[in-house]
Each structure stands twice: as structure tokens, then as C-alpha cells.
Amino acid sequence: MSIFSVPSDPAPGFAPVRLATIRLAPVLCVAMLLCGCDAPVEHYPPNQVHSLVVSAKLDAPTELAAEDTTAALEAWFGTPIEPRWPAEQMSRDDAKSLVRLENLQRAAGPVYSDQDNRHFGLFNEHCVTCHGVSGGGNGPASLLQNPYPRDFRPGVYKWKSTERGAKPTREDLMTILRHGAPGTGMPSFQRLSEDDLQALVDYVIYLSVRGEFERRLLTEAVVELGYEESRPDDDASLLTLATFDQDAFAMEVARDVLDRITGQWVDAPQSLIAVPEETPDDAASIARGDEWFHGPIANCVGCHGKQGGGDIVTFDFDDWTKEFTEGIAVTPTDREAVRPFRTAGALRPRQIYPRTLTDGVYRGGGDPQTLYRRIVAGIAGTPMAGRSVADQPSDKELTSDQVWDIVHYVRSLDEAKP
Ligand code: HEC
Ligand code: HEC
């Protein structure tokens, strides 16, 4: 199976897939046998965890809103066997063509090849065991992984070239598919054809847009449309989305939500972090980088430990976990308090650890440009914050030259480097 393939020729800055993936292999096989993953699921499972979170946040019932959101979603986005792209509900032309329906149809549905040896059911074949049918990151093989597979539905990605709050570009998603995330369960799909990869990228974007639309629509239903225990009147009912009643207020609200999300995807390339020309990577730069790394402005040492040795004890969680725990005053380690969310499909809260920087394994790429962007943007969804870059040195902000020094220092920490 392709998911265990190890790229023979990793790109510069990418370590080959390491032990973590190989150790996972038996676990995955068992999980796949248990679930019979080739049988396609007919409906996308609703995001019940998020529905509970919204209910707790707004102190309001969300069952009915969730039920109608699910119906509306199926009308607009179809099913895992027959996905749809609701282009006619979007106002921007570039959003309409953000993904190609033909690609979605190839990535979705059951696994088979046609006479021309074109592959179908790509997501089912390669991704679903980890990322789940709706891209919730909680597929059957997710349980024993650390970090967990990405939940695409909040629309937040870690390994990208854009500003922290922006969506990744298509190229970012292609890069992660080609190289995987070394040191995690996310394998490399280098062996797949360019066409297959493009179809998968479209499908990830589709699942992400769909999942984020589901999340935001639910909140709008309660806050804007007046959903509580009973359904609001016709004009504000989400059922108008399923009947495509163009004049209804609910339709207007939903189209707005969809425009905002798809707009962010279309505009992602405009949020690319500019990388100034690299300064010389010499001993002097590394020595300065050492100073900044351990100094008060960058304070990398505060999480990564002295010389990036990872000896600091931190107790923190990623944003995907915080959403159903700290975000609504639930202690992640309180099993009883977490139980309802676990029952609704949430994975057991797992701590996130700052990386040990001496082993040279970079999940999101270790080439200088990528590291420059990583330091400036931080890592979205994790405790590693971004940093603004100033023109002049000060006691508050780093300059781009100083960021380059840190990049050189971090790269010099790799003990395995020849
Ligand atoms: C063996 C499990 C596994 C399989 C199979 C798998 N993934 Fe992943 N994937 C992961 C894990 C784990 C992460 C999280 C990595 C991290 O947080 O650093 C991830 C992360 C991602 C990300 C997010 C990267 C980011 O920037 O945040 C994307 C996109 C993705 N996977 C797409 C796919 C696609 C598409 C497939 C199928 C072609 C696939 N994955 C197959 C485990 C898997
Ligand atoms: C608040 C804590 C915190 C601070 C401060 C911090 N980091 Fe991180 N860093 C993390 C965490 C957590 C991760 C792991 C994220 C993950 O893999 O999901 C990480 C990961 C990394 C990675 C690995 C990226 C990859 O592709 O795998 C690098 C490199 C890094 N940090 C460098 C730095 C540098 C340089 C600084 C200072 C400018 C810094 N960090 C400051 C918490 C922090």
C-alpha cells in the first residue's frame, strides 16, 4: 500500500519518513481490517463535537440547528459518494473554480480504476483511515497517533508558506502530500501521479470548505437565525437552503458564510510571507543566532530549551484540542468533563510538545526559506506564536537579518548533519 512508501529521494530539507511511520504500520493494518475501509460511507458524519462546543459557548440548545445544518450541507455539498460544489451560491468567479467537480468525483466514492487506468476513490484508498470520511482527523487509525491526523474542518493548517491566519496555498498542500510530515503519521504520496495529487488537493480544500461552512452555519443558525428548541419561521429556516429558496434570509446568511470561507482560500497566495534575501550562513551569523535564540525577544529557549535540547517542561495543548476543553472551561485532564465530547467523537486530549531541535527532523520542511517563514508566522493551531519583523533593531522586535541568524543557528543544531 502506498501509504507506507518511503520516498527514495527526499527533497532538500526533508528527512525521509522515520520510524514513527514504520512503527505505525501494524496498528494501521489492524485498524483497516477492523473497519473494512473500502466500503464507502453514504453520508458525511456531522460534526457533533462542534455542536456541543457551540451549545456550551452560547448556552443554548443546538440539536435542531445541527439537524437542519446537516440537511442543508447535503443539499449544497452532496455526499461522500456524490460530492457537489455549490458554485451557484458563490458570488466570486474565482471561488466557483477553486476546485473542479471532476476532481472531487475522482477523489470521492469507492476505490476502482477505469479502462484508461484512471484511479477513483483516492481519498478512500489513501487518506480515510487517518483523516476520516468528513476530514475530521478521527479515522479509525487516528487513535494511536501523536500528533493526531489533521482535522480539516476548522480550516487551520500548520505547514504552510502564508501568514498565520491565512489558508495554505495549493502548492503548500501539494508539498505536504509529496513529502508527508516526517516524524508524524502523515506519509509521503510521492508515488501518486500529478493528476491524482491535484484531485486530492481539491478534495482536501472541498472537505475543509464544507467543514468550516458546517461550523459557521451552526453558529449563525443560533445567533442570527434564532434557532433554539424550535425552528424559526420559513424565512430564517435552514431548510430553505435545501429548497434553494433564493430570497430567504437564511440563504443570504449562508451565502455570506460561504463567500467568506472560499474567499480566504482564493486569496491565500496574497498572504504569502515574503522572504528577504538570505544573509551569509557563516560562524558569525550562527553565533548571533545563538544569542537571539536564547535572548528575551525571540525567547525560543523558553519552549525549546537550551540549544534546542527540548529539556523544558511545558503543559499545553493544540487548538484542535483546546476548542472542546480549555476554550469552554473544561480541564483537558478531567476525564469526566471530557467524556461527552469523547462520546461525540473527539479524540483523547494529548499534550503538544515543543520540538527537540537537535535531531534535524522538520515536519514542515527544514530548508532555510521554510524555517524563515516558520519563525515569522509561528505554527498555526499550536502554542508557537508568530513574530513581527521590524526594519530597525529594537528591544521588542527582530529584524529580518536576526531571523536569518536564528535560521542558521537552528540548522546548525542538527547533530546528524554531516
Ligand atoms: C497514517 C495516517 C495518515 C494518512 C494515511 C494520511 N495522513 Fe494526512 N496527516 C496525518 C497526520 C498525523 C497529520 C498531522 C501532522 C502534523 O500535525 O504535523 C496529517 C496532516 C495532513 C495535512 C495537514 C498539513 C498541515 O499543514 O497542517 C493534510 C493536508 C493531509 N494530512 C492530507 C492528507 C491526504 C490528502 C492524505 C491521503 C492522500 C493523507 N493526509 C493521509 C496522518 C495521515
Ligand atoms: C510557546 C512555545 C514556543 C516558542 C516560544 C517557540 N516554539 Fe517552536 N515549537 C513549539 C511547538 C509546540 C512546536 C511543535 C509544533 C508541532 O509540531 O505541532 C514547535 C516547533 C518548532 C519547529 C519545528 C518545525 C517543523 O517543521 O517541524 C521549529 C524549527 C521551531 N519550533 C523553532 C522555533 C524558534 C526558532 C523559536 C524562536 C523564534 C521558537 N520555535 C519558539 C513551541 C514554541
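Both counts, for ligands and for their atoms, begin at 1 and track the order of listing.
Under 4.0 Å from ligand 1, not a single heavy atom of Leu122 appears. The proximity of Thr370 to ligand 2, defined as any non-hydrogen pair under 4.0 Å, does not occur for either the backbone or the side chain. When heavy-atom distances to ligand 1 are checked against a 4.0 Å cut-off, Asp172 has no atom that comes that close, whether in backbone or side chain. Looking at Met186 against ligand 1, both its backbone and its side chain come within 4.0 Å, counting heavy atoms. Contacts of Phe189 with ligand 1, taken as heavy-atom pairs under 4.0 Å, involve the side chain alone. Under 4.0 angstrom from ligand 2, the non-hydrogen atoms of Ile406 all belong to its side chain.
Counting only heavy atoms of the protein, atom 26 (O) of ligand 2 lies nearest to Gly364 N, 2.9 Å. At the top of the distance list for atom 27 (O) of ligand 2, counting protein heavy atoms only, stands Arg355 NH1, 2.5 Å. Nearest protein heavy-atom contact of atom 34 (C) of ligand 2 is Cys300 SG, 3.5 Å. Considering only non-hydrogen protein atoms, atom 5 (C) of ligand 2 sits nearest to Cys303 SG, 3.5 Å.
Residues Tyr372 and Trp404 bring their aromatic ring centres within 6.0 Å. Aromatic ring centroids of Phe213 and Trp76 lie under 6.0 Å apart.
Close contacts between ligand 2 and Asn299 involve ligand atoms 5 (C) [criterion: under 4.0 Å to a heavy atom]. Numbered from 1 in the order shown, with element, the atoms of ligand 2 that lie under 4.0 Å from a heavy atom of Ile375 read 35 (C), 38 (C). When each atom of ligand 2 is checked for a heavy atom of Ile379 under 4.0 Å away, the hits are 15 (C), 19 (C), 20 (C), 21 (C). In summary, the atoms of ligand 1 found under 4.0 Å from a heavy atom of Arg363, numbered by their order in the structure, are 18 (O). Short contacts between ligand 2 and Tyr353, defined as distances under 4.0 Å to a heavy atom of the residue, involve ligand atoms 12 (C), 14 (C).
The side chain to side chain donor-acceptor pair (under 3.5 Å) with Asp202 is formed by just one residue from the set Arg100, Gln105, Arg170; it is Arg170.
Using a 4.0 Å heavy-atom cutoff, Tyr203 is absent from the residues neighbouring ligand 1. The shortest separation from a heavy atom of Gly302 to ligand 2 is not under 4.0 Å, leaving the residue out of contact. The shortest separation from a heavy atom of Phe123 to ligand 1 is not under 4.0 Å, leaving the residue out of contact. The closest approach between a heavy atom of Pro187 and any atom of ligand 1 is below 4.0 Å. Under the 4.0 angstrom criterion for non-hydrogen atoms, Trp159 is in contact with ligand 2. Ligand 1 has no atom lying under 4.0 Å from any heavy atom of Lys160.
We find that Arg153 and Asp151 are joined by a salt bridge, their nearest charged nitrogen and carboxylate oxygen being less than 4.0 Å apart. A salt bridge does not link Asp267 to Lys167: none of the charged nitrogens lies less than 4.0 Å from a carboxylate oxygen. For the pair Glu88 and Arg255, the salt-bridge criterion is not met [side-chain N within less than 4.0 Å of a carboxylate O].
Counting non-hydrogen atoms of other residues, nucleotides and ligands closer than 6.0 Å to CG of Asp59 gives a total of 12 or fewer. Counted within 6.0 Å of CD on Glu82, heavy atoms from surrounding residues, nucleotides or ligands total 12 or fewer; the atom is thus considered open. The local environment of CZ in Arg348 is sparse, with at most 12 non-hydrogen atoms from other residues, nucleotides or ligands closer than 6.0 Å.
For the pair Cys130/Gln145, a side-chain contact is recorded, criterion being any heavy-atom separation below 4.5 Å from C-beta on. Looking only at side-chain heavy atoms (C-beta outward), Glu42 and Ile81 come within less than 4.5 Å of each other. At a threshold of 4.5 Å between non-hydrogen side-chain atoms, the residues Thr262 and Trp85 count as touching.
In terms of N/O distances under 3.5 Å, ligand 1 is approached by Lys158. The shortest N or O to N or O distance between Thr382 and ligand 2 is not below 3.5 Å. In terms of polar-atom proximity, Tyr362 is not counted as a contact of ligand 2, lacking any N or O under 3.5 Å from an N or O of the ligand. Polar contact check, Tyr157 against ligand 1: no nitrogen or oxygen pair lies under 3.5 Å apart. Close N/O approach between Leu357 and ligand 2 is not found [any backbone or side-chain N/O within under 3.5 Å].
Put simply, the side chain of His304 gets close to the backbone of Arg355: a donor and an acceptor are under 3.5 Å apart.
Between NE2 of His304 and SD of Met384, the angle at atom 8 (Fe) of ligand 2 works out to 170°, rounded to 10 degrees.
For His131, the nearest N, O or S atom to atom 8 (Fe) of ligand 1 falls under 2.8 Å.
When all heavy atoms are compared, the tightest approach of Thr219 to Leu58 is CG2-CD1, 4.5 Å. Contact detail for Tyr44 and Pro83: the closest heavy-atom pair is OH-CB, 4.4 Å.
With rounding to the nearest 0.5 angstrom, the OH atom of Tyr157 is 11.5 Å from the CG atom of Asp172.
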